[in-house]
Structures are given as C-alpha cells and as structure tokens.
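Worksheet: one structure, shown below.
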Amino acid sequence: MLRAVDVSIELAGETIVECATIDIKRGELALLLGPNGAGKTTLLRGLAGLLRARRGRIELDRRPLATFSARERARRIAYLPQGHSFHWPMSVAAVVALGRHPHADTFSALTAADRAAIAAALTATGIESWASRTVTSLSGGERARVALARALATQAPTLLADEPTLSLDPRHQLIVMELLAQAADRGGAVLAVVHDLTLAARFADRVLMMRDGRLVADGAPRNVLTPERIADVFAVEAAMIDSAVGPIPVLQRPL
C-alpha cells in the first residue's frame with residue numbers, strides 16, 4: 001500500500017534518513033524502533049508526504065506520493081504527530097470531526113457519512129461518553145485517545161502514528177496499542193514509532209529498527225528483538241523471557 005524505495009531525506013543540509021526501503025501493508029501493525037536521533041520521525045513525515053525525499057521514491061498504491069494533492073493524500077494517509085496538545089476549548093466531538101476535513105469543503109456541513117465516521121471513531125476508541133466534554137479538560141491519556149479518534153475518523157486506509165504512547169501511563173499505553181492493533185485488524189495499514197521494546201514485542205506484527213538514519217532490521221518481533229541486536233542498536237543489555245505472545249525483552253543495564 002505505502003512503499004519507500006532507497007529514500008534519503010535531508011534537513012538543513014544534513015542527511016537524516018539514508019537509503020530507506022520500507023513497505024507498509026494492509027492488515028499489519030508495523031512498529032518502528034530506534035534510539036533518539038535515529039531518523040524515525042523524519043522517515044514517518046516523509047512517508048506522510050510532509051517532507052520531500054532528496055532521492056529515492058515513495059509510492060502509495062503504486063502511484064508516486066508526490067502526484068497526490070494534499071487533500072487526496074490526507075484522505076489516504078492519516079498522520080498522528082507526537083504529543084496530544086489541544087489549545088482551544090473545543091468539544092471532543094468537534095475535535096474528532098476535524099478528521100473529516102479532507103472529505104469536504106471548509107465551510108460545508110457534516111454529511112451523513114461524516115457523522116457515521118465520527119460516531120465509529122468515538123466508539124472504536126471508547127470515548128462516546130466524552131463527546132460533549134471540553135478536550136482541554138481531559139488528562140493526557142484521554143487526549144491521546146481523542147487524537148487517535150480524530151485520525152480514525154478520516155477513515156484513511158493508512159495510519160502513521162509518531163510515538164502515540166509518549167508520556168502515557170501503562171494502562172493508557174496498552175489502550176492505545178490495542179486500538180492501533182484493532183485498526184490493523186480492520187484492514188488498515190498501520191506504522192507507529194514507539195520506544196518501548198516490550199510493547200513492540202507484545203503488539204507488533206512486524207518490527208523495523210533504525211540507527212543513524214538507516215533501517216538496520218525488518219521482520220517478525222522474535223527475529224528482530226534479539227539480545228544481540230538490542231545491544232548493538234540501543235547499547236543496553238537485555239534478557240529474553242518467554243510469554244504467551246512470544247519472547248519479551250527485559251532491559252538490564254546500559255552498555
């Protein structure tokens with residue numbers, strides 16, 4: 001569905017992503033890991049069409065991403081950036097309704113399809129009862145679910161999420177990861193940046209790992225999240241424990 005081939009991206013004359021090849025498929029939750037400064041956010045923004053590649057190509061449904069208009073691209077790719085900041089005291093329902101913007105003119109009224117998509121997003125994230133609440137009154141974890149609902153309301157077949165569990169407590173981390181997994185189970189193509197290796201082992205269908213601007217691993221969690229690779233990429237010692245969902249890394253000490 002969404003594919004990058006030998007993509008390099010520069011920021012302020014510095015190469016941040018180099019020769020990245022990646023494809024994101026329907027029905028798959030792919031998680032992108034790597035240390036700070038590895039280039040994960042830059043790669044995600046490139047895949048979302050928000051940054052231009054210096055070389056290589058990015059395709060959506062076998063068509064160059066650059067040939068899509070901004071509105072076309074927004075209908076096909078929902079991008080959830082880092083953080084869950086809301087500065088205006090809007091209702092939760094109004095915030096989620098913003099996800100329908102790519103489907104309508106700026107001043108047009110909501111259609112029946114819009115209202116159905118908003119209701120489905122509220123239900124999927126379990127926040128129907130918050131619809132009339134002011135978003136600025138919510139906790140950080142609650143705002144994360146509202147932000148995800150806004151992205152889901154777009155009904156884009158591809159979802160790109162940059163650290164959707166950032167600063168969340170363990171319960172809300174699990175809730176958000178379960179929602180991403182459900183989006184993939186419904187046929188979406190989902191790529192999310194995370195830092196928690198345990199969450200990656202627990203939820204990912206596929207794990208991609210970056211270091212110094214390059215993708216260095218891509219595969220099933222049990223094949224990518226090995227003690228040797230974790231030590232090489234993150235400079236930490238890890239032990240693996242068996243669980244019902246497969247091996248889980250437990251971090252022990254920095255190297």
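Reckoned from all heavy atoms, side chains included, excluding hydrogens, waters and symmetry mates.
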Closest heavy-atom contact between [X] and [Y]?
X	Y	answer
V190	I24	N-CG2, 4.0 Å
A144	P164	CB-O, 4.4 Å
L31	A200	CD1-CA, 3.6 Å
M210	P35	O-CD, 3.4 Å
I58	A4	CG1-CB, 4.1 Å
L152	A183	CD2-CB, 4.2 Å

- Modelled atom types, side-chain donor and acceptor of S8 and R55, under 3.5 Å: yes

Report the distance from atom [atom1] of [X] to atom [atom2] of [Y], rounding to the nearest 0.5 Å.
X	Y	atom1	atom2	result
I248	D242	CD1	CG	9.5 Å
I118	Q155	CD1	CD	9.5 Å
L148	L159	CG	CG	6.5 Å
I16	L51	CD1	CG	10.0 Å
L50	T41	CG	OG1	11.5 Å
W130	R143	CH2	CZ	11.5 Å

Ionic contact status for [Y] with [X], cut-off 4.0 Å:
X	Y	result
R45	D162	no
E178	R202	no
R26	E28	no
D23	R3	no

Donor-acceptor pair, side chain of [X] and main chain of [Y], under 3.5 angstrom:
X	Y	answer
R100	A153	yes
R229	N223	yes
R76	A156	no
S69	E72	yes
S91	A94	yes
D196	T198	yes
T134	T136	no

Between [X] and [Y], is there a shared hydrophobic cluster once you connect ILVMFWY residues whose side-chain heavy atoms come closer than 4.5 Å?
X	Y	answer
L44	L11	yes
L2	I9	yes
V233	L33	yes
V193	I175	no
L32	M1	yes

- Task: Applying side-chain contact (heavy atoms from CB on, under 4.5 Å), run through M209 and L225 and close with a yes or a no.
- Result: CA-CA 9 Å; M209 199 172 284; L225 295 173; 3.8 Å; yes

Side-chain heavy atoms of [X] within contact of [Y], under 4.5 Å:
X	Y	value
L191	L208	yes
P227	M240	yes
L160	L80	no
F68	R75	no
V236	Q252	no
L215	V17	no
V146	T125	no
T165	L174	no

- Count the heavy atoms belonging to other residues, nucleotides or ligands that lie under 6.0 Å from CZ of R63, then report whether that count exceeds 12.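 Result for CZ/R63: enclosed.
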
- Query: Could you walk me through whether V95 and W88 pass the side-chain contact (heavy atoms from CB on, under 4.5 Å) check?
  - Reply: CA-CA 10 Å; V95 171; W88 298 97; over 6 Å; no

- Passes side-chain contact (heavy atoms from CB on, under 4.5 Å), C19 versus R214? Steps please. CA-CA 7 Å; C19 299; R214 289 181 173 269; 4.0 Å; yes

- Message: Could you walk me through whether R73 and Y79 satisfy the side-chain contact (heavy atoms from CB on, under 4.5 Å) test, starting with their C-alpha distance in whole Å, then the side-chain angles of each, then the deciding distance to 0.1 Å, before giving a yes or no?
- Response: CA-CA 10 Å; R73 193 173 65 236; Y79 175 64; over 6 Å; no

- Do E10 and R52 pass the salt bridge (charged side-chain N to carboxylate O under 4.0 Å, His left out) test, and can you show the C-alpha distance, the side-chain angles, and the key distance before you say yes or no? CA-CA 8 Å; E10 289 184 353; R52 286 195 174 274; over 6 Å; no

- Item | Check against salt bridge (charged side-chain N to carboxylate O under 4.0 Å, His left out), R211 and D232 | CA-CA 9 Å; R211 180 185 61 193; D232 183 49; 2.6 Å; yes

